[in-house]
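To start, the structure itself, in structure tokens.
Just so you know, these numbers use all the heavy atoms, side chains as well, and skip hydrogens, waters and symmetry mates. Since the model is a prediction, treat every value here as computed from it, not as a measurement.
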Amino acid sequence: MIKMMDKKLVVGLEIGTVKVAVLVGEVLADGLMNIIGVGSCPSRGMDKGGVKDLEAVGKCVQQAIDQAELMANCHISSVYLALSGKQISCQNEIGIVPISAAEVTQEDVENVVHTAKSVRVRDEHRILHVIPQDYEIDYQEGIKNPVGLSGVRMQAKVHLITCHQDMANNIIKAVESCGLTVDQLIFAGLASSYAVLTEDERELGVCFVDIGGGTMDITVYTAGALRHTRVIPYAGNLVTNDIAYAFGTLPIDAEAIKVNYGCALGSVINNNESVEVPSIGGRPPRSLQRHTLAEVIEPRYTELLNLVNEEILQLQRQLRAQGVKHHLAAGIVLTGGAAQIDGLVDCAQQVFNHQVRIGQPLNISGIPNYAQEPYYSTAIGLMHYGQDSLNGKLEIGKRTSVSKWFKRFSEWLRKEF
């Protein structure tokens with residue numbers, strides 16, 4: 001059996017409301033990611049991104065890890081872990097520093113980002129990510145990479161993503177109960193955007209929505225920069241519950257009906273189509289018109305998408321007032337388990353008045369076809385994130401502390417010798 005240190009392996013773990021998913025990827029010599037292991041199981045003990053039953057979550061994680069280890073023929077010791085939930089917050093901040101020499105150095109960049117993130121965050125919150133948006137040197141704006149440029153003063157705009165400390169501690173504790181180490185905790189919406197979005201979409205302006213079972217993770221990019229993140233604690237499980245109550249069937253059967261026969265827009269359904277609905281209490285199954293099923297599903301999806309649209313409109317007003325590019329020329333990209341339903345694109349286009357596509361993971365090889373579905377976007381995004389970490393392409397905020405440690409160590413060596 002291969003140990004993780006014997007190869008460049010990266011493991012992504014998503015513990016969602018509906019499923020636990022594990023993907024094992026091998027970083028190849030050419031930099032590509034090759035998936036060699038997949039594990040998943042129904043999730044128990046989670047609700048809207050929060051741990052409700054530590055023991056139940058641990059058992060689910062262990063089951064998914066065991067499957068992935070068996071397929072990949074390796075021993076998993078650490079994972080990149082996704083986090084979502086209503087306790088996720090964001091804020092945009094600005095840092096300003098003098099340029100230390102005739103031109104900007106990497107240390108200047110790290111200093112200005114450190115200044116920007118040295119702000120007060122919400123009580124009992126911790127910073128998950130510090131993501132630079134752009135830089136300004138003297139009066140030159142919109143700089144993406146300032147290293148080597150000349151000037152006197154540099155300003156950095158950064159996007160901070162934070163989470164509640166207890167929320168983070170609980171999900172980490174569940175993973176560590178399986179003997180695993182968490183390499184890094186990553187906002188699920190950010191991870192899945194890495195897997196699905198293209199650079200052109202980020203540059204043109206795009207709203208990315210990962211619709212899961214318990215939450216909708218929103219990330220908005222304009223001019224190539226992340227401007228806004230938000231978690232809405234309502235998602236696909238509401239649709240499942242509506243089906244269960246409307247037609248008197250178990251939630252597990254309602255979920256299967258939603259995925260296999262559901263439609264978010266009734267007008268695209270052939271009226272003659274029918275669905276068999278399992279009953280409870282030993283009663284025989286019933287036949288249901290698919291159009292009748294859509295009459296339950298469509299209003300709920302429209303409601304969920306309108307919550308996202310309200311968030312977009314509010315953000316666009318704020319960006320417009322700040323003089324920041326706010327147009328979403330690339331439209332809306334939807335992904336996640338609850339995005340796998342017929343008619344969703346048409347329904348969403350009516351709500352957003354923008355072009356809409358269903359996003360699937362990109363630039364991945366070696367995985368079974370089912371792992372290329374929106375269902376696995378977050379887990380695949382975690383591996384992209386881990387690959388960048390191995391290649392040294394971390395967010396600047398994550399590198400700063402390491403850089404400063406080496407600087408202090410070098411100064412100590414000079415003093416000693």
Heavy-atom donor-acceptor pair, Thr249 side chain to Pro278 backbone, under 3.5 Å: yes

Problem set entry | SB check Asp123 Arg120 (cutoff 4.0 Å) | yes

Residue set satisfying ring-ring contact (aromatic ring centres under 6.0 Å, His included) with His125, at least two apart, ordered chain then number -> His164

Test the Arg202-Tyr221 pair against the cation-pi criterion, namely NZ or CZ under 6.0 angstrom from the six-membered ring centroid and within 45° of the ring axis. yes

When every non-hydrogen atom of Thr335 is compared with those of Pro374, the smallest separation belongs to OG1-CB, 3.3 Å

May I ask you to say whether Lys59 pairs ionically with Asp53, meaning some side-chain N is under 4.0 Å from a carboxylate O? no

| Has the side chain of Ser279 got a donor or acceptor atom that lies under 3.5 Å from a matching backbone atom of Pro284? | yes

**Message:** Under a 3.5 Å threshold, yes or no: a donor from one side chain and an acceptor from the other, between Thr215 and Ser84?
**Reply:** yes

**Request:** Tell me yes or no: between the side chains of Asn169 and Gln165, is some donor less than 3.5 Å from an acceptor?
**Result:** yes

| query | Is it the case that more than 12 heavy atoms not belonging to Phe352 sit under 6.0 Å from its CZ atom? | reply | yes

* Between Val209 and Val308, does a side-chain contact (heavy atoms from CB on, under 4.5 Å) hold up when you go through it step by step? -> CA-CA 8 Å; Val209 188; Val308 176; 3.7 Å; yes

In terms of heavy-atom contacts, Leu265 and Gly343 come closest through CB-O, 3.8 Å

Do Glu273 and His291 have side-chain heavy atoms sitting under 4.5 Å apart? no

Item to check | Cation-pi, Tyr375 ring and Lys19 (6.0 angstrom, 45 degrees) | outcome: yes

| query | Is Lys173 salt-bridged to Glu176, cutoff N-O under 4.0 Å? | reply | no

In terms of heavy-atom contacts, Lys157 and Ile94 come closest through CG-CG1, 4.0 Å

